[in-house]
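The sequence lines fix the lettering, A, B, ..., with proteins before strands; numbering per chain opens at 1. Keep in mind that what you see is a predicted model, and the values were worked out from it rather than measured.
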There are 2 protein chains.
Amino acid sequence: MSKKIGGRRAPTESDVAKLAGGSQSAVSRAYTKGASIAQKTREKILQAAKELGYQPNLMARSLATNQSNIIALAISNLENPFYANVAQQLSSQLREIGKHILLFTSPSDDETDPMLERALSYQVDALIMTATLASPELALQCKKAGVPIVQINRGSKIAGVSTVWGENHRAGEVAAEHLLKTKHKNFAFVAGSKTSSTSQMRQDGFIEHLAKSGIKNVPIAYGEYSFSGAANAARKLLSAKNRPDAIFCASDYMAFSVLDVAKREFNLNVPNEVSIIGVDDVPEASHSAYDLTTFSQPAGALAKAAIEIVEQMNSESSRRAMHIEVEGQLIIRGSTKA
Amino acid sequence: MSKKIGGRRAPTESDVAKLAGGSQSAVSRAYTKGASIAQKTREKILQAAKELGYQPNLMARSLATNQSNIIALAISNLENPFYANVAQQLSSQLREIGKHILLFTSPSDDETDPMLERALSYQVDALIMTATLASPELALQCKKAGVPIVQINRGSKIAGVSTVWGENHRAGEVAAEHLLKTKHKNFAFVAGSKTSSTSQMRQDGFIEHLAKSGIKNVPIAYGEYSFSGAANAARKLLSAKNRPDAIFCASDYMAFSVLDVAKREFNLNVPNEVSIIGVDDVPEASHSAYDLTTFSQPAGALAKAAIEIVEQMNSESSRRAMHIEVEGQLIIRGSTKA
DNA sequence: TGTATTTTTGCATACGTATGCAAAAACTGA
DNA sequence: TCAGTTTTTGCATACGTATGCAAAAATACA
């Protein structure tokens, strides 16, 4: 209490009411769209509010309405440009509908931040997760509280959790197809983590499509979605007796690392000695330092889909989880030979 | 109202009190550190709370205490890895002291997001801004509300706005010194925006130090802190009659772009034909695709300083703005010749 | 055991906004 | 002008938690 240090405390609806000559409820209604209030009264009130520099107290509003216009965003790794991009998109798209983001970053990719349960304390309208998995306990908590969960770019076996993702299986197929068409012989895959369904689906698409052309036993290494992990994976793959001439990576971020290792440590010419394909099409992929061929996963569309789900579930008070797949396409650049 | 759709509404302190056999105030005190309550009672209450899955309603708490434990973070460009890094650091350091981040991304670097004023509606404890400038009106609003503003990596002439930054002037000096020692002859500077004090200080340090060795008329181009802007700046500088053999860039992000253009469009060998130095030392700078020499600006330390300021101003209810400079150092890598 | 002291408890109220309800005001049509 | 209808207003109360205050309980001391 008593934080009204030097300055006077912020004006409230009552203050505005006094100045405008009305009641507190009138002021409240002036700010409520579709409320029963005369146009003239509303104008008088807004004028008075302006004079006082009145700003509605969203905490109080939230308490009264039981919704906060805040959405919790859990993101494991902001340094991965793909997720930074998604966050930026979410932020600007949410702003347009008057909602805000409460940011949670978690230390690990797979663990749910235990702090996340505290997000519910803020009466958030929804929980959007990227690169992190919802734990069953968290999902239960959210279900109890009627807070929808949407996972972006990660699958979930938990009932009631909605998901949004790119065309993961097709990404693998298309990458395989392109590499086959361009006469590659020895294929390899750099996976994310073993628990990532996204990585698994990309892998399945890739492996299955190659199998159709009779190519079996494609080596796989795990990059753990990190830069150093992918570097190790690359070292392992590239030092094998039968060195691959085509590497498909489960993310651009890992592909960058693989590119670095191939060029620098193995002195390989990309794309003549080895071609590399990623997934995501992050902005850096088009920078000429990487110039990476990749299957795109448009951050803007993913964000849009996630928000649609949230809006729909909140408005319909629906319990049914939704699942949306967002289209991508192969972007051919200089990291694969023609 | 009436959002208690399918499930029952979330348990409140009163529910817990009923189960534990006490009063609502007792429950409140059980959660208040240092409150007057018997150890046994507290345990009994916490037990009951656990059974019900009770989570304190932070909106209500905030309304009662007039502080939210929420800090507004305004960031213009999450895609710039330096700022993403700072955001990540802030997030994890704030988590440890039980505070959370409300994220605001603004479209432009220089403009303050008008939405930011609405942040105050959430009764945020502070406003941390990176890569964006506080407008005088915003500063006034914050002052009235007793909300401290801290700008990271941007100066401010507005009284009452605290700042945290790296050793900008020294960065320029050190870069100049290193390039002189390594026998470069033609120097150039890629600035951020004209309004950025950070860029200006780096420039001053660079130019002044060169002037001491009799070097005058160093060409300057503006990269606007964007990838494409820096590419244009690089094109302009590198196509001059007297091509520079040493370029200092006001940020790593821009240096990456300059590197790309030098290598790809001008077919220059880096570092033999042109050396490039950045500022920040973002993670990518060490990736071998760039391998950039740079003056570091540690995100962790910047975040820590900003949080210190916030904590101190909030605890002392102090009005006095604070200014902290964080040390950096030159990290020599492969983009400059030996 | 009884009194003085300290600790713990519950009551009542405050925080700022939203909203059902009834009263008041503004219209409508003849 | 007046009764009937619609719109607008204010009152009262609710949302969930924090806290000053006085009453109650526990403890200390003689």
Rounded to whole Å, how long is the line connecting atom CG of B:L63 with atom P of D:dT19? 12 Å
A:T65, nearest nucleotide to its side chain (from D:dT17, C:dT17, C:dA18): C:dA18
A:R29 side chain to A:A35 main-chain N or O, any donor-acceptor pair under 3.5 Å? no
Does any donor atom in the side chain of B:E308 or B:Q312 lie under 3.5 Å from an acceptor atom in the other side chain? no
Interatomic distance, A:K18 NZ vs C:dG16 P [rounded to whole Å]: 12 Å
Atom CG of B:N57 to atom C1' of D:dT17: distance rounded to whole Å? 8 Å
Is B:S28 close enough to D:dA18 that one of its side-chain N or O atoms is under 4.0 Å from OP1 or OP2 there? yes
Got a sec, which residues hit ring pair (Phe, Tyr, Trp, His ring centres under 6.0 Å) with A:Y83, two or more places apart in sequence or on another chain? none
From NZ of B:K40 across to C1' of D:dA26 the rounded distance in Å is 11 Å
Identify each donor-acceptor pair in which a side-chain atom of residues 44-52 of chain B lies under 3.5 Å from a protein atom, sequence neighbours left out, and give them as a table.
from  : atom 1 : to    : atom 2 : distance (Å)
B:Q47 : NE2    : B:E51 : OE2    : 3.4

Nearest-Å distance for atom pair CD/P, residues A:E13 and C:dT19: 11 Å
Any side-chain donor near an acceptor of the partner, B:S68 and B:S62, under 3.5 Å: no
Is the B:Y54 to B:Y31 ring centre distance short of 6.0 Å? yes
May I have the distance from A:D15 (atom CG) to C:dG16 (atom P), rounded to whole angstrom? 8 Å
Starting at atom CG of B:N66, determine the distance to atom P of C:dG16, rounded to an integer number of angstrom. 7 Å
Determine: side-chain N/O of B:Y122 to OP1/OP2 of C:dG16, distance under 4.0 Å, yes or no. no
Would you please confirm or rule out a distance under 4.0 Å between OP1 or OP2 of D:dG16 and any side-chain N or O of B:Y31? no
Indicate the ring-plane relationship of B:H100 and A:F104, choosing parallel, tilted or perpendicular according to the 30° and 60° boundaries. tilted
Could you tell me how far apart B:N69 (CG) and D:dA18 (P) are, to the nearest whole angstrom? 11 Å
Do nucleotides 8-14 of chain D as a string where each nucleotide becomes B, S or -: B if the base has a protein heavy atom under 4.0 Å, S if just the sugar-phosphate does, - if no protein is that close. BBBB---
